[in-house]
Amino acid sequence: MKIERPRGTRDFLPDEIRKRRAIETVMRKIAESYGYGEIATPVFEHLELFTTKSGEGIVKEIYAFRDKSGRELALRPELTAPVMRLFVNECSVMPRPLRFYYFANCFRYERPQKGRYREFWQFGVELIGSSSHLADAEVISLAYRILNELGLDFELHIGHVGVLRYLLRHLEEEKAAKIMRLIDKRDTDGLTVYLDEIGAPHELADRVFSLIDLSGGREVLGDASKIVKFDTTYMEKLCDVLDSLEINYTINLGTVRGLDYYTGVVFEAYAKHGLGAEKQICGGGSYRLAHLFGGEDIQSTGFALGFDRIAEICDLTTPEKPLVAVASIGFEKEACKLADSLRRHGICAVTDVMERSLKRQLSFANDVNARFAVIVGKREIESGKYTLKDMETGESMQLEFEELLDYFRSSGLCP
RNA sequence: GCCUGGAUAGGGUAGAGGUUAUCCUCUGGGACUGUGGAUCCCAGGAGCCGGGUUCGAAUCCCGGUCCAGGCCCCA
């Protein structure tokens with residue numbers, strides 16, 4: 001009986017993993033260059049952690065289960081809540097701000113489609129403890145640098161949920177939240193219908209629509225403040241920093257979040273091509289969550305990158321390490337020993353474990369793209385010189401062990 | 001939860017209610033017991049699962065599973 005992979009999961013072969021590692025390495029390198037330290041949290045948490053953050057409704061989109069003692073647990077569907085829990089549990093007296101990053105698999109029980117899986121990876125950062133525009137600027141620039149370094153063609157949209165919240169402040173909370181969700185989805189028809197349904201004044205509807213239509217450089221802040229009277233100072237200061245860092249962005253006040261704990265700046269990045277309906281590759285913003293998990297009411301800013309979507313459109317990878325195949329003719333033990341010595345010098349070496357003919361061993365070396373083959377047989381043992389065969393040119397030569405190493409050094413196989 | 005299209009060896013495919021399911025690739029071995037890539041030979045390996053129609057189903061019908069894509073959702 002053949003057992004298939006569970007729905008929405010993937011297997012990764014070495015080529016794919018090398019690519020993913022290369023991308024991951026860039027992300028780590030940049031996050032660390034900003035002074036962020038890596039953290040890890042459990043793959044499963046108490047279900048309550050996620051329902052507290054996002055509401056009971058998410059249970060149907062989560063891998064939730066009871067353990068043998070009846071505890072309600074869930075595979076993590078994202079990392080922001082676990083990181084905040086970790087902060088409240090372990091870090092509440094550490095010097096502020098805290099700078100953390102993570103790279104982790106997450107699980108959601110959803111219908112798979114392009115760029116969307118039931119097990120997927122997120123790379124993200126959280127900057128905990130600051131409510132300054134400088135924190136937003138840092139996190140946005142960190143995301144921007146990563147996407148840039150990966151050579152992606154993307155658009156960065158920045159908004160501020162406070163503007164719409166302020167405009168809708170006289171509506172009941174529930175209605176305002178629904179409006180935010182419709183705007184988040186960019187469902188203008190639905191929004192028109194809903195505003196009509198709840199009997200919102202035309203004047204309010206007009207202002208909502210003109211506000212979410214605003215999109216462009218920082219000058220739209222001025223236009224926005226004519227529609228809704230709000231203080232643009234915070235956003236102006238943020239733009240000042242981003243401009244000085246030469247970050248390209250679009251101010252889009254229709255970039256919002258449906259959830260209450262987003263308090264200020266929100267941002268998203270979209271891939272310009274290569275992905276279908278699921279083209280958002282980054283989402284972030286500033287939020288207040290710690291107090292929901294029993295900590296102090298503190299502001300944080302963070303983002304998460306959709307690692308799998310990025311891997312799909314990014315062509316970065318690292319080349320395979322050159323390989324030496326040690327072939328033997330009746331001297332398998334000596335071949336193992338030689339391979340072992342080569343490995344100690346940083347060379348990747350493989351030996352024959354199929355007990356095949358020399359011909360087949362070389363054929364295999366060719367199949368796995370070995371750069372060189374070294375032959376160990378009666379002649380080599382008697383003369384103390386190994387036969388080195390260059391698999392590209394086909395030439396071979398006789399070398400002692402030290403000469404062999406020198407040759408590999410000069411060919412760049414080892415330091 | 002909804003819609004569309006799919007599923008034949010590890011990968012890619014052909015055919016089609018009726019003898020032993022086609023071809024390419026692949027894997028193992030050999031021709032060739034001290035030198036890879038070529039060629040030839042031999043071997044291996046398949047109709048998603050369950051039910052129905054039928055003398056007979058991989059083929060037709062129903063249900064399920066899974067895949068691709070689109071909705072819903074997207075923390």
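A, B, ... follow the sequence lines: proteins, then strands. Residue 1 opens every chain. Owing to the predicted nature of the structure, the values given are computational and were not obtained by experimental measurement.
- Spacing of C1' atoms, B:G45 relative to B:U25, comes out at 13 Å, to the nearest Å.
- Here A:Glu395 lies out of heavy-atom contact (under 4.0 Å) with every strand.
- For the C1' atoms, the distance linking B:A57 with B:G51 amounts to 13 Å, nearest Å.
- Within residues 59-66 of chain A, the residues having any heavy atom closer than 4.0 Å to RNA chain B are, in order of number, A:Glu61, A:Ile62.
- Side chain A:Lys389 to base B:U35: a donor-acceptor pair is found below 3.5 Å.
- Atom-to-atom, CG of A:Leu362 to C1' of B:G34 comes out at 9 Å; the value is rounded to the nearest Å.
- The CG atom of A:Asp367 sits 9 Å away from the P atom of B:G37 (whole-angstrom rounding).
- For the pair A:Leu358 CG and B:U35 C1', the computed distance is 5 Å after rounding to whole Å.
- Nucleotide B:A16 forms a pair with no other nucleotide shown, judged by Watson-Crick or G-U wobble geometry with both contacts under 3.5 Å.
- Among the heavy atoms of the strands, none lies under 4.0 Å from A:Ser357.
- Residue A:Gly55 is out of contact with every strand shown, counting any heavy-atom pair closer than 4.0 Å.
- Nucleotides of RNA chain B nearest to A:Tyr117 and A:Arg309 differ in position, and the one nearer the 5' end is that of A:Tyr117.
- Atom OH in A:Tyr261 sits roughly 7 Å away from atom P in B:A75 (whole-Å rounding).
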Inset, instruction - Go through the steps to decide whether A:Arg10 and A:Glu16 satisfy the test salt bridge (Lys or Arg N to Asp or Glu O under 4.0 Å), and finish with yes or no. - result: CA-CA 11 Å; A:Arg10 290 158 295 159; A:Glu16 183 75 22; over 6 Å; no
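- Judged by distance alone with a 3.5 Å cut-off, a donor-acceptor contact links the side chain of A:Arg360 to the base of B:G30.
- Backbone-only engagement by A:Gly8 is indicated by non-hydrogen atom pairs under 4.0 Å involving sugar-phosphate atoms exclusively.
- Distance, A:Arg7 CZ to B:U65 P: 8 Å, rounded to whole Å.
- Interface residues of residues 290-306 of chain A facing RNA chain B, ordered by number: none; criterion, heavy-atom separation under 4.0 Å.
- Within the nucleic acid shown, A:Asp390 comes within 4.0 Å of at least one base atom, counting heavy atoms only.
- Across all strands shown, A:Arg76 has no heavy atoms under 4.0 Å from either base or sugar-phosphate atoms.
- Ring to ring, A:Phe123 and A:Phe307 are not that close: their centroids are 6.0 angstrom or more apart.
- Not less than 6.0 angstrom separates the ring centroid of A:Phe107 from the ring centroid of A:Trp121.
- Between A:Phe372 and A:Tyr407, the angle of the ring planes goes over 60°, which puts this pair in the perpendicular group of the 30/60° scheme.
- Nucleotide B:A58 is matched to nothing when pairs are restricted to Watson-Crick or G-U wobble geometry with both distances under 3.5 angstrom.
- Across all strands, A:Arg5 comes closer than 4.0 Å to no nucleic acid atom at all (heavy-atom distances).
- Of all nucleotides present, only B:U27 satisfies the Watson-Crick or G-U wobble test against B:A43, with each distance under 3.5 Å.
- Rounded to an integer number of Å, the gap from CE of A:Met397 to P of B:G34 is 22 Å.
- A:Tyr34 approaches A:Arg99 most closely through the heavy-atom pair O-CD, 3.6 Å.
- In this structure, A:Thr80 reaches neither bases nor backbone, as no heavy-atom distance under 4.0 Å exists between it and the strands shown.
- Across the strands present, B:C73 finds no partner; the criterion is a Watson-Crick or G-U wobble pair with both atom distances under 3.5 angstrom.
- If you take CZ of A:Phe372 and C1' of B:U35, they are 16 Å apart, rounded to a whole angstrom.
- Partner assigned to B:G5 is B:C67, using Watson-Crick or G-U wobble distances below 3.5 angstrom.
- Pairing partner, B:G37: none, since no Watson-Crick or wobble contact has both distances short of 3.5 Å.
- Atom CZ in A:Arg116 sits about 10 Å away from atom P in B:C72, given to the nearest Å.
- If you take atom P in B:C62 and the same atom in B:C74, they sit 35 Å apart, rounded to whole Å.
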